[in-house]
Each structure stands twice: as C-alpha cells, then as structure tokens.
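Each chain gets a letter, A, B and so on, in the order its sequence line appears, and its residues count up from 1. Given the structure is predicted, the values throughout are model-derived calculations rather than measurements.
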Amino acid sequence: MTETGEASENPSPRQVPLGADGEDLPEQVRVRRAKRERLLAEGRHPYPVTVARTTTLAEIRAAHPDLSPGDETDDVVGVAGRVVFQRNAGKLCFATIQEGDGIRLQVMLSLAGVGEEQLAAWKADVDLGDHVFVHGRVIASKRGELSVMADSWQIAAKALRPLPVLHKELSEEGRVRQRYVDLIVRPAARDVVRTRAGVVRSLRDSFHDRGFTEVETPMLQVLHGGAAARPFRTHMHAFDIDLYLRIAPELYLKRCVVGGIEKVFEINRNFRNEGADSTHSPEFAMIEAYEAYGSYDTVAVLTRELVQSAALAVHGDTVVALSDGTEYDFGGTWEEITLYGALSRAIGEEIGPGTSMERLSEFAGGLGVEVLPHYGPGKLAEELFEHLVVPTLFAPTFVRDYPEETSPLTRSHRSIPGVAEKWDLYVRSFELATGYSELVDPVVQRERFVAQSLLAAKGDIEAMRLDEDFLRAMEYGMPPSGGMGMGLDRLLMAITGLGIRETILFPLVKPE
RNA sequence: GGGCCUCUAGCUCAAUGGCAGAGCAGCGGACUUUUAAUCCGCGGGUUGUGGGUUCGAGCCCCACGGGGCCCA
C-alpha cells in the first residue's frame, strides 16, 4: 500500500497523494498535515492504537432519554466519534460528534473541566472530520442538549482532508467516486447499505425456510454459458488458457441438481461486458434458484414470495415507498399475460409463433424497430413486444410463454407448439426476474446449442457456446425442474426506486 | 455508436467577451451554554487538458478527457 504516499504517474491536481511535495496541496490539506506533524513532535500521537471508549453514542442516548436542561449525572463515559460541527467560544467549546451509523452527540470542553492547556490544544488541533475521544460526565446543556462534559480528550484519528459542506448534497460524480465521503455526510447513503443487507438476509431466510441449499459455483469458467451476453475474458498463466468471467451460474447450478442438490440457490456476482447505464452495471449480483420437480409455475410463486418478503423486511409492508415519493404495491397475486397474446392485442392482429418473418418485419419497419441479420421470427417478436408492450407494464406482471427460438435452455411448452415454458417478471417496465421449466432432455439440449452456434457464426456475439461437460451431466439424468433468476441490484431498485448506481456501493467508474 | 447538457476555491455554486466572486470550510482575533453558533479581520484559483479567434476568453470556435440525460 502507498501509505507513505508515493506519487502516482500522473496525479490530477485534485487527487495528489498526500505524501507528494507539499507545494501542490490545497491549503487546508497543508494545514492539517502541519497539525499532524506538530502532534507527533509533541508526543501526542495523531493515530493512537486505541482509545478508552466505554460506550457508544447510541447507548448514551438510550440511557438518558429525558434529562432536563442543566441536569448533571454521575455517568462517567469515554466516547469517540467524528467531529461534524464545531462551536468554539472562548472558554467553552462545543462539538457535535458522529459515530458510524450516523448517531450524533454533543461534547463540551470547558476551561474548568479540562484546564487551559487542553482547551487550547483542542482549539488548535481539532478540525472538522477528525475522530476524537472525549472522557467525562453525561450532562444536559443549559439548552437541554444531551452532552458529555469533558475532563480530558484525545485525538483518535486525524483527518487530513476537509469534509465537504454538510448542508449540500455532493455532486453525483462525487458521491460515486468517493462513496466513503458520501457515507459520512449523507444518511440516505447509509440507509441504502442497510436496506441492501436486509434484502439479502430476507432472501436467504426465504430460501432456507423452503429447504433450499446455498452453493457457490465458479466465477472463472472455461466456457461462459447460461445466458445470452458478451463475456469478459481473462488469461490463466499456470495452464496457459483463456478463461471467462461467468455471465450466469445456471449451467453449474443444474449440475448441482443432477447431483442431487434438488433445491439449490446462489446469490453472487455475474459479469457482462456491455454498457453501463441507469439499469445496467458490468458486474451485478444475481439470485438464481432451481427446484427439482418444480416448473415455471412453482418458481413464479417462489419469486413473488421472495420479493414480497424482501419488501416486508425493509418496509414492513408490501406497499413500498419509492425514492421519488410515490408508492408501489407488490401485494396480492400478480398479473399474468402471454407474450404473443399481449403482442397481438398491441398490434391489433393475431401474432403467434407461426407468424412469418416477412409479416413481423413489416410491423418492425412501421415502428422503427431495427431488424438485425441474425434475428429469427421469435427474436423479432420479442423485440416488438419490448417496444410495444413493456413500456405499459407498470404493476408486477409475469409475461409467459416466450418463443422457443430465444430460450435455448427452456423446455418447450407442454401443449402450445413453438413457445417455451418461460416467463419474465416486469416491474415498472423493467425486467426484474425470469423463470423456466428447465430443459432436461440432453438430446434436445444439444440441438439447441448447435442452433446457437449457427447464430454465433452469423455474428451474434451473445449466442451461447456448446458445453460438452454440461451435456454430459444432463446425460446422467436431471429431474424435471423449475428455475428462476433475479437481479439483486434490480430488486433493490424495484423496492426503493433508486438507480442502479445508488444500490451498488462501489459502482465501476472510469478512472480519473 | 449518435444527439444534447455539463466541468470555476477543499465542498456547493455565481460571474453581458472587459478587475474571477459568494456561502460553508480554512487562517488570525473576541467570546463559559452553543445547535449549520455569532462578531471583526485575512488568505485561498493553471476556470478539466491542448489548440484557435480576439486589443482582450471562465464566456466564442476546434480537438481530447471526465460526468449526466436522451436515443440506438
């Protein structure tokens, strides 16, 4: 690590490492570095190993809920926190300190309490943003503010950069690039972290309650599979082979089901080498689950219950408050439509798996939907659906029975020719989850992979590759199964209304 | 990939083509009950980078880079 601050190759003026030549540093950083040096010179360490903290600020607030103005207690405590406000009068100094979860408490330092030397040192050494330790009695100030009246104090950790203005929001770029600062100054940023943790815990609880087993499957894969997406590629030197970061765990979770882990789930990261915008991140967390002797109907119920439980866990209600101030209702059972049925209603003409490429292309032309060379009628119908119907899907809606052509890992519908037993779940017009009756016939699966290879040859960079080991596993016999996948970041977006960059703690940003 | 907007002090933002400013933060001083403390005084800028037009550019033009929004 570069604690001593080696200069990087091309430091921008805003991000000069603190160990670099002092001349280029902002004035306030120079001042704080000088204070650090002075503390060291005086033998008062700016970064002590530890301080004698006895209680948290939250515990003090809980223990003394109703002191009257001017009350003093015999409760002697050692507290620590980051200084977020300072009000220094001549012989009496006030500061508001904040601990990690945002709880704040006032500390007071008086001439009578700490003596002339320590009071002068406080005024000279403490800056906004410093971590300080204060020892003293719990009191209420004359204005009734719960406080610790110091008998001694100590720097717990000196901050060398000034905090941003606490009364204005950081710019969006600042929030994302320096999330640690965002977390210090913006309570909503901390709330998102807790909400996300609550959702993940709720999901695991829901799975465990239903007898599912959690597994972790490879992220580095020799072949990428389980979804249609462009992968990240890397190289393993020991074997001298190219590897891919996984785009989905599906083919490994199915191997688990073959092996007898009949109810299995994974919550983990996927990587897709595509653009980044308000609903897409190159790395994103995914929930995937498989259930032997289930179908796309049983996993639809599972998915609804997962989402409803998560909403209950973080909002206490299936009607959730979104960040824009509106409410959204996840309650009850959810609407189900079929892809071809909804598309036919939108177009005003019966469309089905048998509708010709020519006819579909006519509609596409009229709507300005681009037809790429590798599109078949199924893919084009799906594109038309996304263009015409998806924007109207506000309430939670299961869209069922997708074209076989675009669903190479899904079994054909038990009674309707040309479509597969697959649904997508839409919430506020974005895709939240997908579910299948899994294709378990290894011969048909091989045929589907071969068809995908032909698409790849025609230039579809998202087409799937043939995975012989996966097919071998299928040939040992996979029980009839239902499977579902849901984006965790999107689930957060769905139940909070936030953008994906707010739900991910450290989203990828271009280097400065 | 295309279009539009944006980048100014540590932070958030101003500034008809004509002396680069404010609030908070900082530095010096006053103040023993403050709550974004107050009062007096003072510093702080390669206006994203590089070109160009102009007597004169933060502002106009071009290129590049970062960010945002919309479209594909």
Side-chain angles (χ1 to χ4, degrees), chain A residues 10-16 18 22-35 38 67-72 82-98 104-116 118-120 122-130 139-150 159-178 180-182 184-186 230 274-280 364 367-372 375 383 386-387 391 461 499-502 507-512:
Chain A
N10 246 331
S12 72
R14 285 173 56 195
Q15 292 298 326
V16 177
L18 293 188
E23 294 314 302
D24 293 335
L25 295 174
E27 178 198 19
Q28 297 189 50
V29 174
R30 288 200 304 270
V31 167
R32 284 163 183 247
R33 284 171 55 79
K35 289 182 180 180
R38 196 182 66 231
L67 290 188
S68 299
D71 280 357
E72 301 196 358
R82 187 189 293 278
V83 176
V84 292
F85 296 116
Q86 276 200 102
R87 299 171 291 278
N88 289 349
K91 300 182 182 62
L92 181 63
C93 297
F94 301 85
T96 304
I97 63 174
Q98 171 176 301
R104 292 175 176 177
L105 189 75
Q106 178 167 275
V107 294
M108 298 166 63
L109 294 94
S110 71
L111 180 62
V114 300
E116 193 171 337
Q118 281 206 51
L119 186 67
W122 172 273
K123 285 196 258 189
D125 300 338
V126 175
D127 291 305
L128 287 182
D130 291 355
I139 67 161
S141 74
K142 284 184 181 168
R143 295 289 171 83
E145 184 77 25
L146 187 63
S147 309
V148 171
M149 176 60 92
L160 295 187
R161 291 183 187 269
L163 287 179
V165 182
L166 287 166
H167 329 295
K168 302 254 184 180
E169 291 228 319
L170 278 178
S171 64
E172 182 164 350
E173 186 177 1
R175 292 211 299 266
V176 170
R177 283 197 190 276
Q178 294 181 259
Y180 39 89
V181 176
D182 189 31
I184 293 167
V185 304
R186 193 168 60 98
R230 191 172 180 178
E274 296 161 359
D277 61 31
S278 56
T279 57
H280 295 80
L367 293 162
V369 173
E370 193 179 4
V371 183
L372 298 179
Y375 281 11
E383 291 289 326
E386 283 180 19
H387 190 267
I461 55 174
I500 200 166
R501 276 187 217 74
E502 300 292 324
L508 184 70
V509 281
K510 281 202 187 181
E512 286 169 278

### Query
Taking atom C1' in both G18(B) and G3(B), what distance in whole Å separates the two?
34 Å

### Message
The test is side chain to side chain contact (heavy atoms under 4.5 Å, CB included); show your working for Met108(A) and Ile139(A) and say whether it passes.
### Response
CA-CA 10 Å; Met108(A) 298 166 63; Ile139(A) 67 161; 3.9 Å; yes

#### Entry: C1'-based separation of G50(B) from C69(B) [nearest Å]
27 Å

### Message
According to side-chain contact (heavy atoms from CB on, under 4.5 Å), who are the partners of Glu274(A), at least two apart in sequence or on a separate chain?
### Response
Ala229(A), Arg230(A), Arg272(A), Glu462(A)

### Query
To the nearest Å, how far apart are Arg33(A) CZ and G26(B) P?
19 Å

### Query
Taking atom P of U33(B) as reference, at what distance in whole Å does atom CG of Asn88(A) sit?
14 Å

#### Entry: Lys123(A) atom NZ: more than 12 heavy-atom contacts under 6.0 Å
yes

#### Entry: Residues which pass side-chain contact (heavy atoms from CB on, under 4.5 Å) with Pro507(A), listed by chain and number, not counting sequence neighbours
Val176(A), Arg179(A), Arg501(A), Ile504(A)

### Message
I'd like the C1' distance from U12(B) over to U53(B), given in whole Å.
### Response
33 Å

### d(CZ, Phe94(A); C1', A36(B)) in whole Å
15 Å

### Task
Please identify each residue that fulfils side-chain contact (heavy atoms from CB on, under 4.5 Å) with Gln28(A), with sequence neighbours left out.
Pro162(A)

### Query
Does Met149(A) or Val126(A) map to a spot on RNA chain B nearer the 5' end, using the closest nucleotide for each?
Val126(A)

Polar atoms only, N or O, under 3.5 Å: list the protein pairs with nucleotides 22-25 of chain B and their distances.
| from | atom 1 | to | atom 2 | distance (Å) |
| --- | --- | --- | --- | --- |
| A25(B) | O2' | Gln28(A) | OE1 | 2.9 |
| A25(B) | N3 | Gln28(A) | NE2 | 2.9 |

### Query
What integer number of Å spans the P atoms of C19(B) and G58(B)?
10 Å

### Task
Could you state the atom-to-atom distance from CH2 of Trp122(A) to P of C31(B) in whole Å?
20 Å

### Task
Between C7(B) and C11(B), how far apart are the C1' atoms? Round to whole Å, please.
15 Å

## Note on the structure
With sequence neighbours left out, the residues meeting side-chain contact (heavy atoms from CB on, under 4.5 Å) with Leu367(A) are Val369(A), Leu384(A), His387(A), Leu388(A)

### Message
When the P atoms of C59(B) and A20(B) are compared, how many Å lie between them, rounded to an integer?
### Response
13 Å

### Task
Calculate, to the nearest 0.5 Å, the distance between atoms CG and CZ belonging to Asp130(A) and Arg32(A) respectively.
6.0 Å

#### Entry: Whole angstrom value for the distance that separates C1' of U33(B) from CG of Leu67(A)
16 Å

### Message
Quick check for you: among U35(B), A36(B), U12(B), whose closest atom lies nearest to any side-chain atom of Glu145(A)?
### Response
U35(B)

### Each stem that RNA chain B is part of, given as range with range (3 or more consecutive Watson-Crick or G-U pairs, under 3.5 Å)
B:1-7 with B:65-71, B:10-13 with B:21-24, B:26-30 with B:38-42, B:48-52 with B:60-64

### Query
NA contact type, Glu169(A), heavy-atom cut-off 4.0 Å: base, sugar-phosphate, or nothing?
sugar-phosphate

### Task
Would you mind telling me which of U33(B), U12(B), U35(B) lies closest to the side-chain atoms of Arg87(A)?
U35(B)

## Note on the structure
Between CD of Glu274(A) and C1' of G1(B) the distance, given in whole Å, is 15 Å

#### Entry: For Glu169(A), all residues meeting salt bridge (Lys or Arg N to Asp or Glu O under 4.0 Å), sequence neighbours excluded
Arg175(A)

Extract from the structure each pairing of a protein N or O with an N or O of nucleotides 64-67 of chain B at less than 3.5 Å, listing the distance.
| from | atom 1 | to | atom 2 | distance (Å) |
| --- | --- | --- | --- | --- |
| G66(B) | OP1 | Lys510(A) | NZ | 3.0 |
| G66(B) | O3' | Arg177(A) | NH2 | 3.1 |
| G66(B) | O2' | Glu173(A) | OE2 | 2.9 |
| G66(B) | O2' | Arg177(A) | NH2 | 3.2 |
| G67(B) | OP1 | Lys510(A) | N | 3.3 |
| G67(B) | O4' | Glu173(A) | OE1 | 3.4 |

### Query
Between G23(B) and A14(B), how far is it from one P atom to the other, in whole Å?
16 Å

### Message
Whether Lys142(A) contacts U35(B) is assessed here as follows: a side-chain N or O lying under 4.0 Å from the phosphate OP1 or OP2. Is that the case?
### Response
no

### Query
Base, sugar-phosphate, or nothing: which does Lys35(A) touch, judged by heavy atoms less than 4.0 Å apart?
sugar-phosphate

## Note on the structure
Scanning both residues in full, the closest heavy-atom pair of Arg104(A) with Val84(A) reads NE-CG2, 3.9 Å

### Query
Starting at the 5' end of RNA chain B, which residue's closest nucleotide do you reach first, Gly174(A) or Gly90(A)?
Gly174(A)

### Summary
Looking only at A36(B), U33(B), C27(B), the nucleotide nearest the Val31(A) side chain is C27(B)

### Query
Can you list the residues that meet the side chain to side chain donor-acceptor pair (under 3.5 Å) rule with Arg186(A), with sequence neighbours excluded?
Asp182(A), Glu502(A)

In residues 86-95 of chain A, what donor-acceptor pairs under 3.5 Å come from side-chain atoms, sequence neighbours left out?
| from | atom 1 | to | atom 2 | distance (Å) |
| --- | --- | --- | --- | --- |
| Gln86(A) | NE2 | Val126(A) | O | 3.3 |
| Arg87(A) | NH2 | Thr96(A) | OG1 | 3.3 |
| Arg87(A) | NH2 | Gln106(A) | OE1 | 2.9 |

### Message
Rounding to an integer number of angstrom, what distance separates C4(B) and G44(B) when you compare their C1' atoms?
### Response
35 Å

#### Entry: Partner residues of Glu386(A) under the salt bridge (Lys or Arg N to Asp or Glu O under 4.0 Å) criterion, sequence neighbours left out
none

### Query
Whole Å only: how far is the CG atom of Leu119(A) from the P atom of C31(B)?
12 Å

### Task
Whole angstrom is fine here: how far is it from CD in Glu370(A) over to P in C71(B)?
16 Å

### Message
I need the minimum non-hydrogen distance between Val107(A) and Trp122(A), along with the two atoms involved.
### Response
CG2-CH2, 4.3 Å

### Task
Kindly give the heavy-atom pair with the smallest separation between Leu67(A) and Leu146(A), and that separation in Å.
CD1-CD1, 3.7 Å

### Query
Counting just side-chain N and O atoms, does Ser171(A) come under 4.0 Å of either OP1 or OP2 of U12(B)?
yes

